[in-house]
Every structure is written in structure tokens, then in C-alpha cells.
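Sequence lines set the chain letters: A, B, ... in the order given, protein chains first and strands last, and positions in each chain run from 1.
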Amino acid sequence: MAAPRASLRLVAPVWNGGTSGIRGLSRAVDPEGSQRKGRALLQFLADRFYDVEAVRGYLLQKQVLKVLQKNRSFTYIKERYGPYVAGASFILKQGGAVKFQDKEWMRPNGRGLSGELWKLREVPVEAVDASGCAINYQGLDHLLALRELQSLSLRCCPHVDDWCLGRLHQLADSLRELSLAGCPRISERGLACLHHLQNLRRLDISDLPAVSNPGLTQILVEEMLPDCEVLGADWAQGLKLGPEEQPRDTASSPIPA
Amino acid sequence: MLRGALRFGLGPGLLGRGLGTHRGGSTLDWDGKVSEIKKKIQSILPGGAWSPLCDTSHLPPEHSDVVIVGGGVVGLSVAYWLKRLEKQQGGPGSIPGRGTKIPQAAARPKKNYLWYSQASTVLSVGGIRQQFSLPENIQLSLFSVEFLRNINEYLAVVDDPPLDLQFNPSGYLFLASEEGATIMENNVKVQRQEGAKVCLMSPEQLRKKFPWINTEGVALASYGLENEGWFDPWCLLQGLRRKVQSMGVLFCHGEVTRFVSSSNHMETASGEKVTLKRIHEVHVKVDHSQEYQPVECAIVVNAAGAWSGRIAELAGIGKGPPGTLQGTKLPVEPRKRYVYLWHCPQGPGLEAPLVADPSGAYFRREGLGNNYLGGCSPSEEEEPDPGNLEVDHAFFQEKVWPRLARRVPAFEALKVRRAWAGYYDYNTFDQNGVVGPHPLVINMYFATGFSGHGLQQAPAVGRAVAEVMLEGRFQTINLSPFLFSRFYLGEKAQERCII
């Protein structure tokens, strides 16, 4: 069974860096404790007052809408400048990095999109680093339009789930490298639809908390994609140590699921 | 402090009798008694469920606006969409808990913790596909997939954990022999037009992609690339129940025994005489007793699955001379289908889709341990008796295993681990759902007869029925080919792609 996921919270998710300001410090000291207390109080109030329940519902809805807004489609840019520039501007706006063919990596600087982006209408995008971006199923449209994409990194994307992996078959011709490490919503069921990507040569599936059996999943994925180098959990992870074996130093072993 | 007050205020008589007759009373279990007394006092205070004359908490309510017969995924979906669409219209449902009262009565007696032991929803294999031949079916499935993908936005309940449907996006693979190849090509054209992502594969491509398939006798294959696969139906059911309860729908379990209706003799525009019926009361009998509750209602929804035929008969549908509209019965009957779970150590790997053989056998992967689920639709002569849910293991040995082993040679060595049986609410007319109102019993709406693809169409069907009930016509997906009147007019909406 998949690892249990935390319930929807009003506080910002922990992986966005909890060190901003005083709130961040106290959260860093005892993140679960203070959140739990706050949540218990809110729940107590929400059980008794319709208004509090409505406000909580509204705030949760706002969070969801924020993600949807980030993933809206850039139709104007797409019509005017083509799919490559539209996809690149989407990634840069989210905070990722883009590499056009024969050019250097472009990262977002604080002052908006750089001017030379608009001149690259005919240049295909070769690599995308979307680590930590809030891309969801809708936003993936922009990436799937990049037909010459060779390397895609979706490390630690909080909204990329099994449904999104089901769409990656459209990049089967060009994709050589894919990284899904650290995505909290991807499970072994989504990894099963990566078999369309027959040109894949490097796949990183380490550190997926929702995968129920990382060692076995790694073996099955390696069988599914024989030409691909799969980086992930150590296959011995999950096996019980025999009585004659020494206990391993836990600091050096990978993070268990 | 409370204990002191109780000891002072209440005599032994009230304590002894008011605490329920099931207590043996031999040991002085003071803590238990105190909590029981607290509960009684809480229920007596305003807002509690105690009525001074008799305790009716186990019975359905006396009045309700809509009664949905059947608490499976289709019935819950109708309840959800009814509450949701009514809220959007600014109706009385905008105050949570108030507004339309929708109790759901089970059509058959079920024990408290075994409510769903015979419901088709939880016994289902859980697949969802867009590979149908009718455009309406494809549209229903496309919307349902979108519902499942965004299930945590549709069914969000504040403070409850998000739902994990365990969806496997592995797709369906239909294999066709020479005779079926043209039909498959036409079907795929319709599916692509509606927006489904399906690709056609030749036997060579099939061998390259899935080397464990034996392509002997296969002329063409259609493979769903996106939005197809299988999921956990129990999770969907629980999610709907939780959300629907939070929206104010009441659940009652019991058996519907009678409808009380009134008739109205009217004339159509062309002068024909018709008798229109209107249901006023639903009698719901409580399990294991003779007690029943007449529930006064405005609308009844028949979402009773395999037992919808019986409910329709109770409402008087089909009682009339054959060949007339009054004499047209609801052609939905329960059909038993078996599902077997087996282990095959050399079987297909992680990429295996749900494979449907032209002979009618199908299988899919289950989990990571080389386990597979599958079965076969029997031919008309081999139909098992739907009186009980006993599994026939000989059916697997004689019909399912040979067909699967021919298609996937690795399945020659397998071991059956478990098996169960469930009902299809089989529409004997054309194997597609019946949705919408009955022309003569004007306040009964149907949402049944899906013959094996009810689970995957449930969210969309719920929305369609809610639209018909609130607006009077289908708004998003036009399901007029699925109305009841087609049984009288003889217009079949035949599905040519059934598993």
C-alpha cells in the first residue's frame, strides 16, 4: 500500500524551505508539533461553527486555484512565438531552467524573462530542469509540445503524479533522460507507463515516498526498460537482515520509504 | 461533579431502565453507566435525536424530497451531483445539512458491517476505458476519468485525508481476430473523434512491444495510451460516501417492499388515453424485523444495480398487455460473473495492460508480486444461475485458463489464489445503461443497467441524472439514446465492445 499522505493543510508545505522568518524557525524546531496544535484548534472550531468551516474550505480552495493559475495555458505566446518559446517561458516563470539547442542553460533572473528568449522561435528546446516547480497535469501540456526534448528533470515536483506520467508517452521519440526523484505523489503504478519511453537511457527513480516496495519496483522497471540505466533504491533495501549479518550504519544507507 | 449530581438526583429506577435493556447488569460498571447517561441526556436536549414517543433513529425519515434506491457508486454519484448542482443554482441546499433530503435505501437487506457484501461496485475489477463503440459511452468515460483525476477537488472534505484511488494508468489492449478487425477500426475512428487517445497496432508491433503475447489469430489490436487503466472502487465508494454525508444526505439501510402511488388518466394531444402514475410513498422494511417506514417522497431514483428489475416491478412498470408502453418491463437482470486471482511467476511484467482476448477472456496485473486478475464473459448458454454468489472453479479450468494460456504462453503454469463472484446489472436489450425518467411513472428516474461498465461511467451518469431531474433535459452529455422509451420503440443502442 502507498505511504499515507498528510492531509491538506493551510500552512505552507515543508519542502518550500521553512527558514523564512520567525515562523520558519519555530517550525524548524518542532514542525510537526506546532502544526498539529494549530490544526487541532482549527478542527475544533470548524466542527462547531459553520463559518469557520466555510473559511477553511475557502482558503483550501484558494490554494488549489493558485496552482491552477500557475499552470494556465500560454496561448498568446504560443501563437506568436511558437511552442518552444511558450514552453520555455512557462518553465522559467515557474522557477525552472531551460536549455535550447546549442545554447547555454537559461535560468530565471529576478527581473522577468530575458529579451533574447523571444528570438529563439525556431530553436528547439533540448533540456528542461523543472525541479521543485508546481507543474500539474494541465501544465504538462507545455512540456509535451517540446518534441525534441532530450532531458527532463521533474525532481521534487509536488503535483506531478501517476496521471502525469501517463502522458509522457508523447515524448517517447526524443526523451533520453528523465529524473523523477523525490516526487511525493508518484507510485509504482505510474512508473508502469514509462515503458513507452523506449529511447530512455537514464532514469532516476530514487527517493519516491509513495512507492510501496522500492527494491522490487527497481527490478521490475529495469526489466521493463532493458536499455536504460535506472538509478534508484538499492535492491537490497527492504530485505530483512539475517541474524549473522552486521546491522548496517543507518547514516550511510539511502532514506527508506 | 456530574457523578455526584446523578447519584443524588436520579433514583435507581431510571438508571436501571433507561440504560438500555441489553445490559446484563451483573457487575457495577460505573464508568460505562455514566457515559451512557451522558449520551442519553445529550440526546434528550434540543438538537438530539430522541423523540419522546418512540425511538425511530434506526428508521428512515418520514419525509424526504428524493429517495435513491441503491447505495452503490451510481446511487452515490447521483446524490452527490444532485446536491452539488442544486447548490450552484442557489437553491435551499446552500445551507449545509438543509435543503433537499436524500435518503438512500438499499434495495436488499444488508447487515450493518456487510452493507456492500453483494454490491457490484466493490466486487468489480475496477477498470476504466474509453474504448467503446457508442460516442455517448466514450464521452461518459472521458468525463469520469477527469472526475477521478481531480477527485480531491470534487470530493474534498475539510480535515479529512485526501483520497488515493490507486489508479494504474496502464491502459486497455483489445485484440481482434480477422472478423472483428473492421469493427475495431471503425470503433477507433469514433473514439479518436471524441478525444480518446487510442492507437492501432499490427501483430508485429504487438510482438515487439509485448513479447509475452502470442499473436496467433490476432489481426489487429487497439491500445489505450492515456486515461485508461484500473483503480480501487472501494476507495471511490468511501470518498463519495464521506462527501455525500458531509453534504447532508441521509443513509438508511433496509429493503424497499412497496411503492404507494396514484394514477391519473389523461389524454395525449392525438386523443390516446394514457395512465400516468406518480409515486407518493416508499415503504422501507428494516432488516430482521417486520417494522417498516413509509417514506413520503417527491422523486425516486432507481439505482439498485442488479436488483433494479425487481424495484421497477414493484413500481408497476411492465404490468400491462405486452407490446404496449405499460407492458414494457425494465429489461435489467442480475448476471453472475466470476473473477479469479492467480499467481504466475513468469508472467507479464510491469507494463502489462488489461488485455482482452477476442474469445472474451481478459486479465490484468494486480500489484507487484506477479499476481493477475481475470475472467471471461460466458456465452448465453453457459450463463450461471444468479441465485447466489458461489464461485464455479470448473469454469476457470475449462473456459478461462485455456483461452488465456493460448494468448499468453507463460500462463500455462499458474496457481489460482482466490476467486469471487459479482453481479452485472445486465441489460438484456442492448447491454447499455438506462438513464432518465420513465414515460409513465413520472417521478421515477433510472440510473442502472450498465452491464459491466457502470463503475467507470458512474460520475458522469450521476451528473446526467441530476441534470435531468433539476433542468428537465441533459445538458452536458446527451444521453437520449439511453432513455427508457427505447425499449418500447425497439431502438437498440448496441454496444459492440463488451467485456
Check whether more than 12 heavy atoms from other residues, nucleotides or ligands sit under 6.0 Å from atom CZ of B:Arg418, and answer yes or no. no
Within a reach of under 6.0 Å around NZ of A:Lys78, are more than 12 heavy atoms found that belong to other residues, nucleotides or ligands? no
Decide side-chain contact (heavy atoms from CB on, under 4.5 Å) for B:Phe167 and A:Asp161; before the verdict, give the C-alpha distance in whole Å, the side-chain angles of both, and the deciding distance to 0.1 Å. CA-CA 10 Å; B:Phe167 179 68; A:Asp161 56 11; over 6 Å; no
Let's test your reading of the structure: which of B:Leu225, B:Asn227, B:Asn150, B:Leu148 forms the most heavy-atom pairs below 4.5 Å with chain A? B:Leu225
Matching residue for B:Glu153 among A:Val64, A:Leu65, A:Leu60 - test: side-chain contact (heavy atoms from CB on, under 4.5 Å): A:Val64
Gap separating the [atom1] atom of [X] from the [atom2] atom of [Y], nearest 0.5 angstrom:
X	Y	atom1	atom2	result
A:His169	B:Tyr223	NE2	OH	9.5 Å
B:Leu350	A:Ile219	CG	CD1	12.0 Å
B:Arg149	A:Cys164	CZ	SG	9.0 Å

Would a 4.5 Å heavy-atom cut-off, applied to side chains only, mark [X] and [Y] as touching?
X	Y	value
B:Val145	A:Trp163	yes
A:Arg189	B:Phe231	no
B:Lys209	A:His195	yes
A:Gln170	B:Glu226	yes

Relative to chain B, which of A:His196, A:Glu223, A:Gln198 shows the most heavy atom pairs under 4.5 Å? A:His196
Identify the heavy atoms of A:Cys193 and B:Pro169 that sit nearest to each other, and give their distance. SG-CG, 3.7 Å
